[in-house]
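Reading through the C-alpha cells given below for one structure.
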Amino acid sequence: MSDLLSAQNLFKQFPGVRALDNVSLTVAHQELVAVIGENGAGKSTLMKILAGLQSPDRGQIHFEGQAVVLSGVQAAQSLGIALIHQELVLADNLDAAGNIFLGREPRRGIFIQREVMREKAQRLLDQLGAGFAATTPVSELSLGQRQMVEIAKALSLDAKLLIMDEPTSSLSMRETENLFRVIAGLRKAGLSILYISHRLGEVKHLADRVVALRDGRNAGGLSREEITHDAMVRLMVGRDLSGARPVEARPPGEVVLEVKSLRTQAFPAHEVSFQICRGEMVGLAGLVGAGRTEVLRALFGVEPPLAGEVQVAGKALLARHPEEALAAGLALVPEDRKALGVFLEESVQWNVALTTLKRDAKGGVLVNEKAGAALTEELGRQLRIKAASPDTLVGTLSGGNQQKVVLGKWLALAPKVLLLDEPTRGIDVGAKAEIYQLMEKLAAEGMAVLFASSELEEVLAISDRVLVMHEGRLSGELSRAEATEERIMELATGLSRSDLG
Amino acid sequence: PSSDGGSGKKPRVAYIGNAIAPFWTIAEKGARKAGAEYGVEVEVRMPQDGATDQKRMVEELLTRGVSGIAFSPADPKNQLDLMKTMAKQTHLITQDSDAPESPRLCFVGMDNYQAGRLCGKLIKEAMPDGGSVMFFVGRAGQLNAKERRQGCVDELLGRPEGERHDDPPDAEVKGEKYTVLGTRTDEVDFAKAKSNVQDTITRHPEIGCLVGLFSYNTPKIYEAVKEAGKFGKVKIVGFDEEDDTLRGIQEGNIYATVVQNPYQYGHESVRILAALAKGDKSVIPASKFVEVPAKAVKKGDVDAFWAELKKLVQ
Amino acid sequence: MKKNLGISLLLLLVCVATALGNPNFLIPYNAENLLNWVSLYAIIGVGVSFVIITGGIDLSIGSVVGLVGTMLAWLLTKKGWSVPAALLVTVILSAVIGLVHGLLITKVRLQPFVVTLCGLLIYRGVARWLVHDGTLGFGTAYDGLRWFSNGRIDLPFLGDYRLPVPLVILTVLAGLAAVFLNKTVWGRHLFALGRSEEAARYSGIRTDRLVIVSYVLCSTFAGIGGILFALDVNTVQPASQGNFYELYAIAAAVLGGCSLRGGEGGILGVIIGTALIRILINSINILGIATQLEFVILGVVILLSAITDEVIRRNRGRRQLKTATPTG
Amino acid sequence: MKKNLGISLLLLLVCVATALGNPNFLIPYNAENLLNWVSLYAIIGVGVSFVIITGGIDLSIGSVVGLVGTMLAWLLTKKGWSVPAALLVTVILSAVIGLVHGLLITKVRLQPFVVTLCGLLIYRGVARWLVHDGTLGFGTAYDGLRWFSNGRIDLPFLGDYRLPVPLVILTVLAGLAAVFLNKTVWGRHLFALGRSEEAARYSGIRTDRLVIVSYVLCSTFAGIGGILFALDVNTVQPASQGNFYELYAIAAAVLGGCSLRGGEGGILGVIIGTALIRILINSINILGIATQLEFVILGVVILLSAITDEVIRRNRGRRQLKTATPTG
Ligand SMILES: Nc1ncnc2c1ncn2[C@@H]1O[C@H](COP(=O)(O)OP(=O)(O)OP(=O)(O)O)[C@@H](O)[C@H]1O
Ligand SMILES: Nc1ncnc2c1ncn2[C@@H]1O[C@H](COP(=O)(O)OP(=O)(O)OP(=O)(O)O)[C@@H](O)[C@H]1O
Ligand SMILES: [Mg+2]
Ligand SMILES: [Mg+2]
C-alpha cells in the first residue's frame, strides 16, 4: 500500500521557538494516524503546514506520490486535504450552513445558491447527529455545537485526507460517540485521517498507528498492537508518570459554599441547589450546554444570577460583579483560558500580580513592584511554572503553564472556594497530572474545590463527590463510591434507570 | 512659496486675511503685484479657523521676521493684545476691518458697515415696493458678516446714519416696508450654502430678496433661484466680485453687488508697508484712514468693471 | 429587513410632522431638492458601508470629495482637458487612493483609522495646494455636464414631480452594491471577514484582496460623489469642500444598521439613514427652527436610534436565550 | 521607553533643520510661543490617551473645547458670573459630559465612536445656539485670568527665556496623569482592561467604572484645554473653535505610541507626539513653505511614523505572537 501523504524533514522556526525541527510523517491510504505530544510539541503547527495555512521553512511534502507545494488553504483543499481547527474560528454573523460552505459556496456564476447550500449543510449536520438546523445563526450555538459546525465543514470538503486537531475538546460523550461513528464511516469510504487529541482513551480506541512529537521533533511511534496508555505517555513526556491520587477519602469539613435555588440567566426556569464543604473536591458533570459554565459564572458574578441564595463561609453573597465574589473568597478559573484567564501580551509577573495589586499597594494606591516580584517568585516555585523569567510574555508559554499562571493569580488571594471550568481543556497529560496534584493539594489544605469537566475520566479520577447537570437542572448527586461512568451518563442525559433497561 | 535667506536683502512684509475665501485670493493678487512693484517680498496668510489660526500665524510670521504686517482682525475688540504685540515688533496696519483702539498705524479699506448700508440701498432699489429679505453667510459671527448685515438692516429699516444697532442674526426684524427674516449660515460648506437657499425658497415662496454676505453665497443663491425658475420674482443682491456674480448681473438675474475692491486692499496695504519698511512715514495720512471705497456694480457698469478687474488680476 | 423598520418609521414620522408643519414640504420643488441631496450623500454613504462591513473605517471621504472636486474643476477650467478625460482621471484617482488605503491596511497592517486620518490631512492639503486655496468654478461652460447633478427627468406618471438625475445614479449604484453584497459570494465573504477575519482566511478566502476591494469601492464612491457635489454647487473651495462628510456618511451607515464592529449592515439601511439625516435638516430649515440646533437634533436622533437599537438587540438576545432549547 | 526613541529623534531632527533654516526658530519669542501651543494641545492629547488606552476613542474633544470656551466667555461677559464660579461650572460641565459618554458606553453598551460622534454634533450645536453664532471675547477685562494661558514666568537661570504658564500647567497635569497610569493600581487596571476587557472583568476589576473614569478624565482635560484655548485667543467663535482638535489629539497619541487597539501608550509619548506636530507646523511656517502643504506634511509624517512603528514591531516578532494565539 503506497503512502497517501509523506512529509519529510520539515522545519519551522517562529521568533524564539523552533516549532518543528526535522519532523517527518507519513500517512497511508485509509489509515488513521494519531499524533500525540505535550502542549507546544508542534502538533498544530505540523497540521497547519499540511493544510496550507503556514509554509515550512524547509522540507518536502509528497501527496499521492507527487511533490507538492501547499501555498494556501485552497491549494491544500484542491488536493483533498481538509483541516478541523483546534481553535474554533467561525463567522458568527452567518448561519451554520454559511460557515460550513464558507469560501466554497455552491454558486451559479457569481451568485450564491442558498437553498442548495442549506440542504447540503443540513445533510452533513444530520449525519453527525447534531440536533440543530443548518439555518441557525452560529451566534446562537454553544461551544460544542460550534465544534460540530467545524467538523461538518471539514467533512463537506470530500477530502482524501482529513486532519482533526483536537476535535473532541469541547464535545460531550454522546457527541463524541457520534463523531466516532462518522469517523468509522469515513474510513470505510476510503479516507485517511490524522487525529490529534490529548485524550489518550480516544487515541487508543481509534488509532491504527501513533506518532509522537516532543519539542518539535519526532519522538517515535507505536503500532496498533503497541498502543497502551503508559506507552503513549512515555513517548510524549520521555518518562513514566506517577499514578493517580491516593484513593482514601478525606473527611469533609464544615460547609463553605451553600447554594440555594440559584437561577441563571440562561435557564431562568430552573433552580440549582447544592453545598460544598471545606477540603472537598466536587466534580460538576453534564453534557455540553447543560448549564455548568452558567452556574459557575453566576456564582462568580460574571453574569449575575437572576435569583437565589448563596452563602460563602456563612456570609450571604449574590455577586453582581467578580470583585464582590473575590472579596467573599471565591475564585474562578475560566473555560476560555486565552481570552479570559490570562493577558497574553503581558508578562508572567504582570499576570500573577494583577489580582493582588490592590492588597499589596503602597498606601492603598501605588503599585508595589517588589511585592509582585516576590509573589511571582514564590508561586512560580510552588506551581513549577516553566518560564524563562518573570518578564516572559505569557503568550509564549505552553497551555499547561498558562493554566498554572491563572491558578497562581488566584492562589495569591487564598480563596475559600476555587471554581474551575474545564481545568485541563487542551492540556497535555504531563501538565494535566500536575494540575490535578495542585488541586488535590489545595483541597488537602482546606480549600473547597468545584470543577466543571466534560472528561468523565477526569471527573471519576479526582472528585470526592459528583454533581450532574441536565438542561439547567441538577439531575443528581453521586458519592465517590456511587460514581461510575454509566451512572453519570444516565443522569446527564436525563434518562431514568428504567429507560436504560 | 518664497525661498528664505538668499533674497534676504528685500524686506519682507506680511498680509493676513481673516478666512480662506475668493475675496482674499483677489486681495493676494493685489498684494503680490504691489510687492513686485515696490521691491518687497510678500507673505500671504489666510486662516482656516478664524482667530485661533490668526494668532498662531502672526506669531510665526514675527518669528520668521517681517518688517510689516497688514492685518484683518477677525475679532478686533478681543485681539488687542495680539495687535499690541505686532505693533511692538513691527509695523502694523489694519485692512478690511479696523481696530481703532489698537496701536495700528493706519487702516486701509472701507467700513463693512458702510458697505452694508450701500447694500441696503441696493435692496431698496431692487424692491421698491418693499418685501422680505433673507441673508446667507458662511459664519454669522465673523465681524465682516456682522457689520455688513447690520448696515443692511439699519438701512432697510430706515434707521438714521450713525445709529448702529445690534440685532441678533437669526431674529426676524420688521420695518415699515421691509422685513428681515433672518440669516442662514453654512460654515463655508457650499452644498449647505445652496441647500439653505433652497429651503428658504420652500419655506418662504413669496420672499422678495435674497442677500449673499460672503462672496460665494451670491453665486449659490443664483444657482438655487435659477433651478427654482424664480428669476425675476426673487431679487438677488450680494457682496464681492465672483465671476458667477458678475455674470449674473450681466444677464440681469442678479440685481447688483457691493464690491469692496479687495485687489486694492492688497495693493495699497503692501505699498504702505513697503514704504514703511524703507523708513518712509509719509505714506500714513493724518486721518490714519486710507479709503478704498466700496461701490455698487449693477447691470449698467458691470462690463467696464469686469474688464478692469480682469486686467488687474492677470 | 426588520432592522430597518424602526428607522423607516422614524423617517415617516419626521416627514408627516414636517408636512403638517409646512405643507410646502411636499411641493415638487422641495421634494426634488431633497431627493437630489439625499442621492448625493447616499452615494458616499453606500461607499463607506463596504468598509464598515469589513470592520474598518474611512475618515478620508470628505477630503476625497474635496480633492476630486478640485481636480475636476482644475483639469477642466485651468488645464483645458476634455470632459471624458477629466472624469476618467478623477475617478481613477479616487480608486487609486482607495487602493493605497487598502494596501497599507492589509499589507503593512496599519489601522484603518490611522491610514485614513492621514489621508484626510494629505488629500485636503494637496487640494488646497493645487489651486493655492483659490476657488474654482465651472462657470456656464459645463451646463451639459452639470445635468448629472441637477438634471430632472420628466416622467408622465409623476405629474408635476420630476425625477432628479442623481437619484437615478444612486439607484443604479446602490442596486449594484446591494446585489454585490447580498447575492454574490464576494459579498458573503465580505460579511464573513468583517466578523472574523481568521474564519474567512482559514476558509481559503483571500481576505486581503477583499479588504482592498472594499476600500477601493469606498473611495471610488466618494470620488463619484465628489464629482457630483462639485457639479451641483458649480464652484469648489478646496479648503472646505466636503469637510466632515465622512462623519455624515458614517452616521448614516450607523443609523442604517451597520455595526462598526463589522459584519453587519446593508445598502437599503444606509440610504434610509441618509434620507433621515437630510430630511431632518430640511425640516429644521423649512419649519424655521434655529439652524444652530440642526447639529443638536441630528446628534440626539442618532444617539437615540443607537440606544433603541441596542436595547432591542439586548431584549431579543434575552428572549432567544429563554426559548433556546439546550441540546444534548 | 524605547518606543519614544524614534519619534524623539525625529523631533530633534526637525528642530535642528528648522533652526538651521531660520535661526529665529530659537529666539525666546518663538520658543515661548511654541511651548505655549505645545502645552495647550498636549493637555487635550494627554486626556485622550486615557481613552485610547482603554481601546476607546473620543471624537467630541474639539466640540468640548468649543463649548467650554463659549460657555466661559458667555458666563463671564454676558451673565456677569465671577471668575471662580465660571471656571468651576465649565470644568464640571466637561466632567459631566465625560460621565455621560462613559455611562452610555458601559451601561448601554454603545460604541465609543457613535457616542462621541453624537457628542461632536450636539456640543457644537449647543455652543452655537447658546450665543446665536455670535463671536464672544473677553476684551481687556480678564487680563489677570488670561495669565493662565499666556503668562510667562521669569526664571533666573533661563536668561532671556521665560517659562510659559501653560507649560507649568501641562507639567503638573501630565505628571499626575503619568503617576496615575504607571504607578497606581488603577493605571495598571486601565491597561489590563485595554488589553482585554473581559479578562480584566474575570480578574475582579471593575471595568465599567474605569472606563467611565477614563472618559471623564478625557473630557475634563479637553475642558481645561478649552478654557486655556479660549483665554489664549481671547475670542471664541462657537462654530469653529476647536474644530478638528480631536484629530490632532488622536494623531499625537498615535504618534506617541498609543495603540488604538488599546492597552498600550504613555503620557510622555503623547507629549512628544504633540510637540512634533506643533513644531512641524511651526517650521513649515517660519521656513516659508506653502501653508497649504502643512496638512500634507503632517499626514505624511504621521503615516511614515506609523509604518516605521509597524515594521519595527513586526521584526521584533510581537505580531506573530498575537496571530499565534488567537483569542475568542
Ligand atoms: N504563529 C506562531 N508564532 C510564534 N510561535 C508559534 C506560532 N505558532 C506556534 N508557535 C509556537 O510553536 C510551538 C508549537 O506550537 P503548536 O501549536 O504547534 O503546539 P501543539 O503541539 O499543537 O500544542 P497544543 O497541544 O497546546 O495544541 C509552541 O511553542 C508555540 O508557542
Ligand atoms: N453567550 C451565550 N449566548 C447564547 N447562548 C448561550 C450563551 N452562553 C450560553 N448559552 C447557552 O446556555 C446553555 C448553557 O451553556 P453553558 O455554557 O453553561 O453549558 P455547559 O454545561 O457549561 O457546557 P460546556 O460544556 O459547553 O461548558 C447552552 O444551551 C448555551 O447554548
Ligand atoms: Mg495544538
Ligand atoms: Mg462550560
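Nothing here was measured: the structure is a model prediction, and the numbers come from that model. Below, chain A is the first sequence line, B the second, and so on; all start at residue 1.
- Note: A:His85 NE2 to C:Ser203 OG = 7.0 Å, rounded to the nearest 0.5 Å.
- Options A:Ala91, A:Gly72, A:Ala130 differ in how many heavy-atom pairs under 4.5 Å they form with chain C, and the most are formed by A:Ala91.
- With chain C as the partner, the residue from A:Gln77, A:Arg114, A:Glu105 showing the most heavy-atom pairs under 4.5 Å is A:Glu105.
- Contact record, A:Val73 with C:Arg201: CG2-O, 3.8 Å, taken as the closest heavy-atom pair.
- Interface check for chain A: of the options C:Ala199, C:Gly262, C:Gly263, C:Ala200, the most heavy-atom pairs under 4.5 Å are formed by C:Ala199.
- Within the 3.5 Å criterion, the main-chain N or O of C:Phe191 finds a donor-acceptor partner in the side chain of A:Asn93.
- In this structure, C:Phe113 places its CZ atom where more than 12 heavy-atom neighbours from other residues, nucleotides or ligands lie under 6.0 Å away.
- The main-chain N or O of C:Gly204 is found under 3.5 Å from a side-chain atom of A:Gln74 such that the two form a donor-acceptor pair.
- Of the listed residues (C:Val179, C:Leu193, C:Asn182, C:Val185), the one with the most heavy-atom contacts under 4.5 Å to chain A is C:Val185.
- Using a 4.5 Å heavy-atom threshold, the side chains of C:Arg188 and A:Arg107 count as separate.
- Within 6.0 Å of the CZ atom in A:Arg104, the count of heavy atoms belonging to other residues, nucleotides or ligands exceeds 12.
- Both the backbone and the side chain of A:Ile110 come within contact range of chain C, with heavy atoms under 4.5 Å apart.
- Residue C:Tyr202 holds its OH atom at 12.0 Å from CG of A:Leu90, rounded to the nearest 0.5 Å.
- Using a 4.5 Å heavy-atom threshold, the side chains of C:Lys183 and A:Ile112 count as separate.
- Residue A:Met148: no heavy atom, backbone or side chain, is found under 4.5 Å from chain C.
- The 12-atom threshold is not exceeded at CD of A:Glu485, counting heavy atoms of other residues, nucleotides or ligands nearer than 6.0 Å.
- How far CZ of C:Phe180 is from CZ of A:Phe111: 11.5 Å, rounded to the nearest 0.5 Å.
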